[in-house]
Student: 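Attaching a single structure in structure tokens format; questions to follow.
One-based numbering, in listed order, for ligands and for the atoms of each. Just so you know, these numbers use all the heavy atoms, side chains as well, and skip hydrogens, waters and symmetry mates.
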Amino acid sequence: MKQQIVTPKRSLTKETEALLNKQIEMEGKSSAAYLSMASWCETKGYDTSSQFLYKHSEEERMHMLKLFHYINAAGGHAIQPEISGIKHSFKSLREVFNDVLTHELEVTKSINHIVDHCFSIKDFATFNFLQWYVMEQREEETLARRAVELFDIIGEEGVGLWMIDQEIGKLEMYAAKSSGTTT
Ligand code: FEO
């Protein structure tokens, strides 16, 4: 009997697709979490932090959409995740940015895990696609760490919180400088 040869219709494995969909969920949750933080800051009068977080929420949505398009173009199916468990209130502005840093460190860990997986199965296209996220995480971690440091450097007493809120607005420039994307 003649053996039937089945030609694979895609190179994206089911396991990689599942990992990328998990990452979609993470980026979606990031976007929702930052939107919630932005709203809380707005109600408390932390206007610069609020603007910073609204913008950041949009960026996380863009990170999610990039993954949608990549998965679908590679022959998989990107899944809109369920988003729940978003925190709506915070004890302080410091807690907001502590949460941002903790969250970004988790995202980095997750990206690194997928990158490692892609390398091990020689999926170099996805490996290459993910390098953008690797560098993005470097910048976002720097930014979140710097935000948390502001609370110790400036102090929260007197006009401290007002100053910290102002300084948050300058962070993107700082992060871009330290990652070499601007001079
Ligand atoms: Fe897209 Fe900040 O993780």
Student: Taking it one step at a time, do Y70 and T126 satisfy side chain to side chain donor-acceptor pair (under 3.5 Å)?
Tutor: CA-CA 9 Å; Y70 181 81; T126 310; 2.7 Å; yes

Student: Has E104 got an N/O/S atom less than 2.8 Å from atom 2 (Fe) of ligand 1?
Tutor: yes

Student: How is the N/O/S atom of E27 that comes nearest to atom 1 (Fe) of ligand 1 named?
Tutor: OE1

Student: Hey, which N, O or S atom on H63 ends up closest to atom 1 (Fe) of ligand 1?
Tutor: ND1

Student: From the N, O or S atoms in E140, identify the one nearest to atom 2 (Fe) of ligand 1.
Tutor: OE1

Student: Are any N, O or S atoms from E59 nearer to atom 2 (Fe) of ligand 1 than 2.8 Å?
Tutor: no

Student: Determine the sole option in L161, D165, V159 for which the side-chain contact (heavy atoms from CB on, under 4.5 Å) test with M163 is passed.
Tutor: V159

Student: Looking at E156 and I164, what are the two nearest heavy atoms and their distance?
Tutor: CG-CD1, 4.2 Å

Student: Check L35 against S57 and note the closest heavy-atom contact, atom names and distance.
Tutor: CB-OG, 3.6 Å

Student: Check E60 and report its N/O/S atom nearest to atom 1 (Fe) of ligand 1, by atom name.
Tutor: OE1

Student: Could you walk me through whether Q137 and T108 pass the side chain to side chain donor-acceptor pair (under 3.5 Å) test, one step at a time?
Tutor: CA-CA 6 Å; Q137 279 313 115; T108 300; 3.1 Å; yes

